[in-house]
Amino acid sequence: MIPARPLPRHQAPQQPAPRWQQLWRDAVRDPAELLSLLGLEDLAARISPAAVAQFPLRVPRGFVARMRHGDASDALLRQVLPLDDEERIVPGFGLDAVGDGAARAGSGVIRKYHGRALLVATGSCAINCRYCFRRHFPYADETAARGQWSEALAIIAADDSIDEVILSGGDPLSLADGKLAELTDALARIPHIRRLRIHTRLPVVLPERVDDGLVGWLRGLPWPVTVVIHANHANEFDADVDAALMRLRDAGCLLLNQAVLLKGVNDSVDALAALCERGHHAGVLPYYLHQLDRVSGAAHFEVEDADALALHRDLAARLSGYLVPKLVREVAGDPGKRPLA
Ligand SMILES: *Cc1c(COP(=O)(O)O)cnc(C)c1O
Ligand code: SF4
(Lines give C-alpha, C1' and ligand atoms only; values in the text may rest on other atoms or scores of the structure.)
(Ligands and ions follow the chains in the order given, each with its own letter.)
Protein backbone atom coordinates (compact mmCIF):
# COMPACT_ATOMS: atom_id res chain seq x y z
CA MET A 1 0.00 0.00 0.00
CA ILE A 2 1.22 3.49 -0.75
CA PRO A 3 1.14 5.59 2.41
CA ALA A 4 -1.16 8.58 2.05
CA ARG A 5 0.78 11.79 1.86
CA PRO A 6 -0.56 14.52 4.12
CA LEU A 7 -2.14 17.37 2.15
CA PRO A 8 -0.26 20.65 2.25
CA ARG A 9 -2.00 23.03 4.64
CA HIS A 10 -3.27 25.43 2.01
CA GLN A 11 -5.02 22.60 0.14
CA ALA A 12 -8.01 21.79 2.32
CA PRO A 13 -9.53 18.51 1.13
CA GLN A 14 -12.24 19.40 -1.37
CA GLN A 15 -15.76 18.07 -0.98
CA PRO A 16 -16.65 16.23 -4.17
CA ALA A 17 -19.47 17.98 -6.07
CA PRO A 18 -22.87 16.43 -5.34
CA ARG A 19 -23.82 13.74 -7.83
CA TRP A 20 -26.58 15.85 -9.35
CA GLN A 21 -24.05 18.53 -10.27
CA GLN A 22 -21.90 15.97 -12.03
CA LEU A 23 -24.93 14.69 -13.96
CA TRP A 24 -25.83 18.29 -14.75
CA ARG A 25 -22.45 18.94 -16.30
CA ASP A 26 -22.62 15.66 -18.19
CA ALA A 27 -25.82 16.66 -20.07
CA VAL A 28 -26.01 16.01 -23.81
CA ARG A 29 -25.27 19.22 -25.70
CA ASP A 30 -24.39 18.01 -29.17
CA PRO A 31 -27.42 17.39 -31.40
CA ALA A 32 -25.47 14.76 -33.39
CA GLU A 33 -24.78 12.83 -30.18
CA LEU A 34 -28.43 12.99 -29.16
CA LEU A 35 -29.55 11.65 -32.54
CA SER A 36 -26.97 8.89 -32.47
CA LEU A 37 -28.01 7.83 -28.94
CA LEU A 38 -31.55 7.45 -30.27
CA GLY A 39 -30.68 5.84 -33.61
CA LEU A 40 -32.08 8.87 -35.45
CA GLU A 41 -29.04 10.00 -37.45
CA ASP A 42 -31.34 10.61 -40.44
CA LEU A 43 -32.81 13.62 -38.66
CA ALA A 44 -29.48 15.49 -38.76
CA ALA A 45 -30.52 17.46 -41.84
CA ARG A 46 -33.45 18.92 -39.90
CA ILE A 47 -31.32 20.32 -37.08
CA SER A 48 -31.02 24.09 -37.32
CA PRO A 49 -27.54 25.49 -36.55
CA ALA A 50 -29.15 28.93 -36.17
CA ALA A 51 -31.57 27.60 -33.54
CA VAL A 52 -28.72 25.87 -31.70
CA ALA A 53 -26.68 29.08 -31.76
CA GLN A 54 -29.60 31.10 -30.39
CA PHE A 55 -30.56 28.58 -27.65
CA PRO A 56 -28.26 25.58 -27.29
CA LEU A 57 -29.38 22.00 -26.97
CA ARG A 58 -29.11 20.78 -23.41
CA VAL A 59 -30.68 17.60 -22.01
CA PRO A 60 -29.71 15.40 -19.05
CA ARG A 61 -28.84 11.82 -19.99
CA GLY A 62 -31.49 10.40 -17.65
CA PHE A 63 -34.14 12.29 -19.61
CA VAL A 64 -32.73 11.00 -22.90
CA ALA A 65 -33.04 7.47 -21.48
CA ARG A 66 -36.82 7.99 -21.23
CA MET A 67 -37.11 8.76 -24.95
CA ARG A 68 -38.15 5.96 -27.31
CA HIS A 69 -35.30 4.69 -29.45
CA GLY A 70 -35.81 5.25 -33.17
CA ASP A 71 -38.93 7.41 -32.75
CA ALA A 72 -38.52 10.83 -34.38
CA SER A 73 -41.88 11.96 -33.01
CA ASP A 74 -41.14 11.00 -29.41
CA ALA A 75 -42.87 13.48 -27.09
CA LEU A 76 -39.79 14.03 -24.94
CA LEU A 77 -37.44 14.43 -27.88
CA ARG A 78 -39.73 16.99 -29.52
CA GLN A 79 -39.42 19.23 -26.47
CA VAL A 80 -35.65 19.57 -26.76
CA LEU A 81 -34.70 19.08 -30.42
CA PRO A 82 -33.68 22.30 -32.25
CA LEU A 83 -35.43 21.74 -35.57
CA ASP A 84 -35.47 23.97 -38.64
CA ASP A 85 -39.15 24.73 -37.84
CA GLU A 86 -37.75 27.25 -35.36
CA GLU A 87 -36.38 29.43 -38.15
CA ARG A 88 -39.84 30.35 -39.42
CA ILE A 89 -40.73 33.96 -38.70
CA VAL A 90 -44.37 33.99 -37.59
CA PRO A 91 -46.26 37.24 -36.98
CA GLY A 92 -47.35 37.56 -33.35
CA PHE A 93 -44.43 35.53 -32.01
CA GLY A 94 -41.87 37.82 -30.39
CA LEU A 95 -39.17 38.16 -27.78
CA ASP A 96 -41.27 39.18 -24.75
CA ALA A 97 -44.47 37.22 -25.12
CA VAL A 98 -45.83 37.65 -21.61
CA GLY A 99 -45.01 41.28 -20.82
CA ASP A 100 -42.25 40.49 -18.35
CA GLY A 101 -40.30 43.43 -19.73
CA ALA A 102 -42.89 45.84 -18.38
CA ALA A 103 -43.37 44.03 -15.06
CA ARG A 104 -39.76 43.77 -13.94
CA ALA A 105 -37.45 46.37 -12.56
CA GLY A 106 -34.05 44.84 -13.32
CA SER A 107 -33.89 43.54 -9.78
CA GLY A 108 -35.05 40.01 -10.59
CA VAL A 109 -38.43 40.53 -8.94
CA ILE A 110 -41.47 40.24 -11.22
CA ARG A 111 -44.67 41.59 -9.70
CA LYS A 112 -47.74 40.99 -11.78
CA TYR A 113 -50.34 39.55 -9.41
CA HIS A 114 -51.71 40.52 -6.04
CA GLY A 115 -49.90 39.12 -3.03
CA ARG A 116 -47.25 37.29 -5.02
CA ALA A 117 -43.71 38.23 -5.93
CA LEU A 118 -41.81 36.10 -8.39
CA LEU A 119 -38.09 36.00 -7.81
CA VAL A 120 -35.92 35.17 -10.80
CA ALA A 121 -33.40 33.45 -8.59
CA THR A 122 -31.15 32.19 -11.39
CA GLY A 123 -31.04 31.97 -15.17
CA SER A 124 -29.88 28.35 -15.27
CA CYS A 125 -31.84 25.20 -16.12
CA ALA A 126 -30.75 21.59 -16.51
CA ILE A 127 -32.64 21.29 -19.78
CA ASN A 128 -33.38 23.70 -22.58
CA CYS A 129 -37.02 23.40 -23.64
CA ARG A 130 -37.55 24.74 -27.14
CA TYR A 131 -40.97 26.29 -26.39
CA CYS A 132 -39.75 28.26 -23.39
CA PHE A 133 -39.73 32.06 -23.03
CA ARG A 134 -36.35 31.53 -21.44
CA ARG A 135 -34.71 31.34 -24.84
CA HIS A 136 -35.09 35.11 -25.11
CA PHE A 137 -35.14 36.28 -21.49
CA PRO A 138 -32.36 38.79 -20.74
CA TYR A 139 -31.13 37.15 -17.53
CA ALA A 140 -27.90 39.12 -17.64
CA ASP A 141 -29.94 42.26 -16.82
CA GLU A 142 -31.44 40.74 -13.67
CA THR A 143 -29.34 41.19 -10.58
CA ALA A 144 -31.06 38.36 -8.70
CA ALA A 145 -30.42 35.95 -11.55
CA ARG A 146 -26.74 36.74 -11.13
CA GLY A 147 -26.90 35.81 -7.44
CA GLN A 148 -27.18 39.38 -6.17
CA TRP A 149 -30.34 39.23 -4.14
CA SER A 150 -30.14 42.30 -1.92
CA GLU A 151 -32.21 44.55 -4.19
CA ALA A 152 -34.87 41.87 -4.71
CA LEU A 153 -35.03 41.17 -0.96
CA ALA A 154 -35.38 44.88 -0.23
CA ILE A 155 -38.30 45.19 -2.67
CA ILE A 156 -40.08 42.24 -1.05
CA ALA A 157 -39.34 43.47 2.48
CA ALA A 158 -40.71 46.92 1.69
CA ASP A 159 -44.13 45.67 0.51
CA ASP A 160 -46.22 43.94 3.14
CA SER A 161 -48.94 43.10 0.60
CA ILE A 162 -46.60 40.30 -0.58
CA ASP A 163 -47.39 37.15 1.38
CA GLU A 164 -46.11 34.58 -1.12
CA VAL A 165 -42.67 34.41 -2.68
CA ILE A 166 -42.30 32.31 -5.80
CA LEU A 167 -38.80 31.08 -6.54
CA SER A 168 -38.50 30.83 -10.29
CA GLY A 169 -35.91 31.31 -12.98
CA GLY A 170 -34.50 29.57 -14.86
CA ASP A 171 -34.77 26.74 -12.40
CA PRO A 172 -34.26 27.76 -8.76
CA LEU A 173 -33.23 24.25 -7.74
CA SER A 174 -30.23 24.60 -10.04
CA LEU A 175 -28.74 26.67 -7.20
CA ALA A 176 -26.55 24.79 -4.75
CA ASP A 177 -28.08 23.99 -1.36
CA GLY A 178 -25.95 26.63 0.36
CA LYS A 179 -27.18 29.36 -2.00
CA LEU A 180 -30.79 28.30 -1.48
CA ALA A 181 -30.33 28.45 2.27
CA GLU A 182 -28.74 31.89 1.99
CA LEU A 183 -31.79 33.09 0.08
CA THR A 184 -34.42 31.58 2.37
CA ASP A 185 -32.56 32.69 5.52
CA ALA A 186 -32.92 36.23 4.24
CA LEU A 187 -36.59 35.70 3.31
CA ALA A 188 -37.28 34.25 6.76
CA ARG A 189 -36.41 37.64 8.26
CA ILE A 190 -39.34 39.24 6.36
CA PRO A 191 -42.36 38.84 8.65
CA HIS A 192 -45.16 39.28 6.08
CA ILE A 193 -44.16 36.22 4.03
CA ARG A 194 -46.54 33.32 4.72
CA ARG A 195 -45.94 30.92 1.83
CA LEU A 196 -43.08 29.78 -0.36
CA ARG A 197 -43.58 28.36 -3.81
CA ILE A 198 -40.91 26.78 -5.99
CA HIS A 199 -41.39 26.38 -9.74
CA THR A 200 -38.98 23.73 -10.94
CA ARG A 201 -38.53 21.15 -13.65
CA LEU A 202 -35.54 19.52 -11.92
CA PRO A 203 -37.39 16.75 -10.01
CA VAL A 204 -38.57 15.56 -13.43
CA VAL A 205 -35.57 16.14 -15.68
CA LEU A 206 -32.82 15.47 -13.10
CA PRO A 207 -34.47 13.65 -10.15
CA GLU A 208 -31.05 13.14 -8.52
CA ARG A 209 -31.33 16.81 -7.52
CA VAL A 210 -33.74 15.83 -4.75
CA ASP A 211 -30.94 14.54 -2.54
CA ASP A 212 -30.48 14.56 1.23
CA GLY A 213 -29.12 18.10 1.18
CA LEU A 214 -32.15 19.48 -0.63
CA VAL A 215 -34.59 17.58 1.57
CA GLY A 216 -32.80 18.87 4.67
CA TRP A 217 -33.12 22.44 3.42
CA LEU A 218 -36.84 21.98 2.66
CA ARG A 219 -37.56 20.49 6.07
CA GLY A 220 -36.01 23.47 7.79
CA LEU A 221 -38.11 26.13 6.04
CA PRO A 222 -40.50 28.09 8.24
CA TRP A 223 -43.40 28.25 5.73
CA PRO A 224 -45.69 25.75 3.99
CA VAL A 225 -43.93 24.98 0.70
CA THR A 226 -45.65 24.29 -2.62
CA VAL A 227 -43.53 22.78 -5.37
CA VAL A 228 -44.91 23.24 -8.86
CA ILE A 229 -43.20 20.72 -11.10
CA HIS A 230 -43.33 20.88 -14.84
CA ALA A 231 -44.09 17.72 -16.80
CA ASN A 232 -45.74 17.78 -20.20
CA HIS A 233 -46.06 14.06 -20.90
CA ALA A 234 -46.63 10.87 -18.90
CA ASN A 235 -43.40 9.37 -20.25
CA GLU A 236 -41.40 11.97 -18.34
CA PHE A 237 -42.16 10.01 -15.16
CA ASP A 238 -40.16 6.93 -14.21
CA ALA A 239 -39.16 5.19 -10.98
CA ASP A 240 -36.42 7.74 -10.22
CA VAL A 241 -38.84 10.63 -10.70
CA ASP A 242 -41.43 8.90 -8.51
CA ALA A 243 -38.81 8.46 -5.77
CA ALA A 244 -37.74 12.12 -6.00
CA LEU A 245 -41.36 13.27 -5.75
CA MET A 246 -41.94 10.98 -2.80
CA ARG A 247 -38.97 12.57 -1.02
CA LEU A 248 -40.46 16.01 -1.64
CA ARG A 249 -43.77 14.87 -0.19
CA ASP A 250 -42.00 13.34 2.81
CA ALA A 251 -40.38 16.74 3.34
CA GLY A 252 -43.88 18.18 3.65
CA CYS A 253 -44.21 19.83 0.24
CA LEU A 254 -47.51 20.11 -1.63
CA LEU A 255 -46.92 19.02 -5.24
CA LEU A 256 -48.66 20.49 -8.27
CA ASN A 257 -47.94 20.16 -11.98
CA GLN A 258 -48.11 22.72 -14.70
CA ALA A 259 -47.88 21.68 -18.32
CA VAL A 260 -47.79 23.55 -21.59
CA LEU A 261 -50.14 22.40 -24.34
CA LEU A 262 -47.76 21.53 -27.19
CA LYS A 263 -48.60 20.35 -30.67
CA GLY A 264 -46.91 17.04 -31.38
CA VAL A 265 -46.20 16.46 -27.67
CA ASN A 266 -49.44 16.32 -25.68
CA ASP A 267 -52.23 17.67 -27.91
CA SER A 268 -54.55 14.69 -27.59
CA VAL A 269 -57.03 13.79 -24.90
CA ASP A 270 -55.26 10.45 -24.42
CA ALA A 271 -51.89 12.12 -23.83
CA LEU A 272 -53.35 14.71 -21.45
CA ALA A 273 -55.37 12.16 -19.48
CA ALA A 274 -52.32 9.91 -19.18
CA LEU A 275 -50.24 12.88 -17.95
CA CYS A 276 -52.77 13.83 -15.27
CA GLU A 277 -53.23 10.23 -14.11
CA ARG A 278 -49.51 9.49 -14.10
CA GLY A 279 -48.82 12.63 -12.11
CA HIS A 280 -51.46 11.67 -9.57
CA HIS A 281 -49.88 8.24 -9.27
CA ALA A 282 -46.72 10.09 -8.16
CA GLY A 283 -48.64 12.30 -5.71
CA VAL A 284 -48.93 15.37 -7.94
CA LEU A 285 -52.15 17.20 -8.71
CA PRO A 286 -52.61 19.03 -12.01
CA TYR A 287 -52.58 22.81 -11.65
CA TYR A 288 -52.35 24.59 -14.99
CA LEU A 289 -52.43 23.60 -18.62
CA HIS A 290 -50.91 26.62 -20.34
CA GLN A 291 -51.53 27.81 -23.81
CA LEU A 292 -48.11 28.42 -25.34
CA ASP A 293 -46.45 31.77 -24.75
CA ARG A 294 -45.96 33.22 -28.22
CA VAL A 295 -42.16 33.31 -28.24
CA SER A 296 -40.39 33.43 -31.57
CA GLY A 297 -39.07 30.04 -32.61
CA ALA A 298 -41.93 28.14 -30.94
CA ALA A 299 -44.80 28.70 -33.39
CA HIS A 300 -44.79 25.08 -34.55
CA PHE A 301 -45.87 24.02 -31.04
CA GLU A 302 -49.00 26.18 -30.98
CA VAL A 303 -52.45 24.61 -30.61
CA GLU A 304 -55.41 26.74 -31.76
CA ASP A 305 -57.66 27.99 -28.95
CA ALA A 306 -60.69 26.15 -30.38
CA ASP A 307 -58.75 22.87 -30.35
CA ALA A 308 -57.43 23.55 -26.85
CA LEU A 309 -60.95 24.16 -25.57
CA ALA A 310 -62.24 20.97 -27.18
CA LEU A 311 -59.39 18.96 -25.65
CA HIS A 312 -60.06 20.46 -22.25
CA ARG A 313 -63.78 19.67 -22.53
CA ASP A 314 -63.02 16.05 -23.44
CA LEU A 315 -60.54 15.80 -20.59
CA ALA A 316 -63.11 17.07 -18.09
CA ALA A 317 -65.59 14.52 -19.40
CA ARG A 318 -63.12 11.73 -18.78
CA LEU A 319 -61.32 12.46 -15.50
CA SER A 320 -62.18 13.08 -11.87
CA GLY A 321 -62.66 16.77 -11.32
CA TYR A 322 -59.48 17.15 -9.29
CA LEU A 323 -57.42 15.64 -12.11
CA VAL A 324 -58.40 18.34 -14.62
CA PRO A 325 -55.94 21.26 -14.86
CA LYS A 326 -57.12 24.81 -15.48
CA LEU A 327 -56.62 25.79 -19.10
CA VAL A 328 -55.05 29.25 -19.04
CA ARG A 329 -53.07 31.76 -20.98
CA GLU A 330 -50.78 34.44 -19.67
CA VAL A 331 -51.87 37.84 -20.99
CA ALA A 332 -49.76 40.93 -20.31
CA GLY A 333 -51.60 43.33 -18.01
CA ASP A 334 -54.15 40.80 -16.68
CA PRO A 335 -54.53 40.43 -12.88
CA GLY A 336 -53.92 36.66 -13.08
CA LYS A 337 -53.60 33.84 -15.58
CA ARG A 338 -56.54 34.16 -17.97
CA PRO A 339 -58.83 31.10 -18.05
CA LEU A 340 -59.84 29.91 -21.52
CA ALA A 341 -62.55 27.65 -20.22
C1 LIG B 1 -47.66 32.92 -13.20
C2 LIG B 1 -47.13 33.96 -12.31
C3 LIG B 1 -47.40 33.95 -10.94
C4 LIG B 1 -48.22 32.87 -10.28
O5 LIG B 1 -49.55 32.88 -10.67
P6 LIG B 1 -50.54 31.81 -10.02
O7 LIG B 1 -51.80 31.96 -10.79
O8 LIG B 1 -50.67 32.15 -8.58
O9 LIG B 1 -49.89 30.47 -10.20
C10 LIG B 1 -46.92 34.97 -10.16
N11 LIG B 1 -46.18 35.97 -10.68
C12 LIG B 1 -45.88 36.01 -11.99
C13 LIG B 1 -45.06 37.13 -12.50
C14 LIG B 1 -46.33 35.01 -12.85
O15 LIG B 1 -46.00 35.04 -14.15
S1 SF4 C 1 -37.63 27.42 -17.41
FE2 SF4 C 1 -38.63 25.39 -17.42
S3 SF4 C 1 -39.53 25.21 -19.49
FE4 SF4 C 1 -38.00 26.85 -19.56
S5 SF4 C 1 -36.10 25.88 -20.27
FE6 SF4 C 1 -36.07 25.89 -18.00
S7 SF4 C 1 -36.94 23.91 -17.44
FE8 SF4 C 1 -37.50 24.26 -19.58
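Note that ligands are numbered from 1 as they come in the structure, with each ligand's atoms numbered from 1 the same way. Each residue takes its place number in the sequence, starting with 1. These figures come from a predicted structure and were not determined experimentally.
With respect to the salt-bridge test (charged N to carboxylate O, under 4.0 angstrom), the residues Arg318 and Glu277 do not qualify. In this structure, Arg209 pairs ionically with Asp211, as a charged nitrogen and a carboxylate oxygen lie closer than 4.0 Å. Classification of Asp71 and Arg78 as a salt-bridged pair fails, no side-chain N sitting under 4.0 Å from a carboxylate O. Looking at Arg46 and Asp85, a side-chain N of the basic residue comes within less than 4.0 Å of a carboxylate O on the acidic one, giving a salt bridge.
The environment of CZ in Arg338 is sparse: at most 12 heavy-atom neighbours from other residues, nucleotides or ligands sit within 6.0 Å.
Each protein N, O or S atom less than 2.8 Å from atom 8 (Fe) of ligand 2 was counted, giving 1.
Side-chain contact between Phe137 and Cys132 is absent, with no heavy atoms from C-beta onward closer than 4.5 Å.
Using modelled atom types, one finds no donor on one side chain facing an acceptor on the other under 3.5 Å when comparing Ser48 with Glu86. In the model, Glu330 has no side-chain atom that pairs as donor or acceptor with a side-chain atom of His290 under 3.5 Å.
Each of Gln291, Arg294, Lys263 was compared with Glu302 under the side-chain hydrogen bond (donor to acceptor under 3.5 Å, both in side chains) criterion, and only Arg294 meets it.
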Which N/O atoms of ligand 1 sit under 3.5 Å from a protein N/O, and at what distances?
residue: ligand 1; atom: 7 (O); partner: Tyr288; partner atom: OH; Å: 2.6
residue: ligand 1; atom: 8 (O); partner: Arg116; partner atom: NH1; Å: 2.6
residue: ligand 1; atom: 8 (O); partner: Arg197; partner atom: NH2; Å: 2.8
residue: ligand 1; atom: 9 (O); partner: Arg197; partner atom: NH1; Å: 2.8
residue: ligand 1; atom: 9 (O); partner: Tyr287; partner atom: OH; Å: 2.6
residue: ligand 1; atom: 15 (O); partner: Glu330; partner atom: OE2; Å: 3.2
residue: ligand 1; atom: 15 (O); partner: Lys337; partner atom: NZ; Å: 2.9

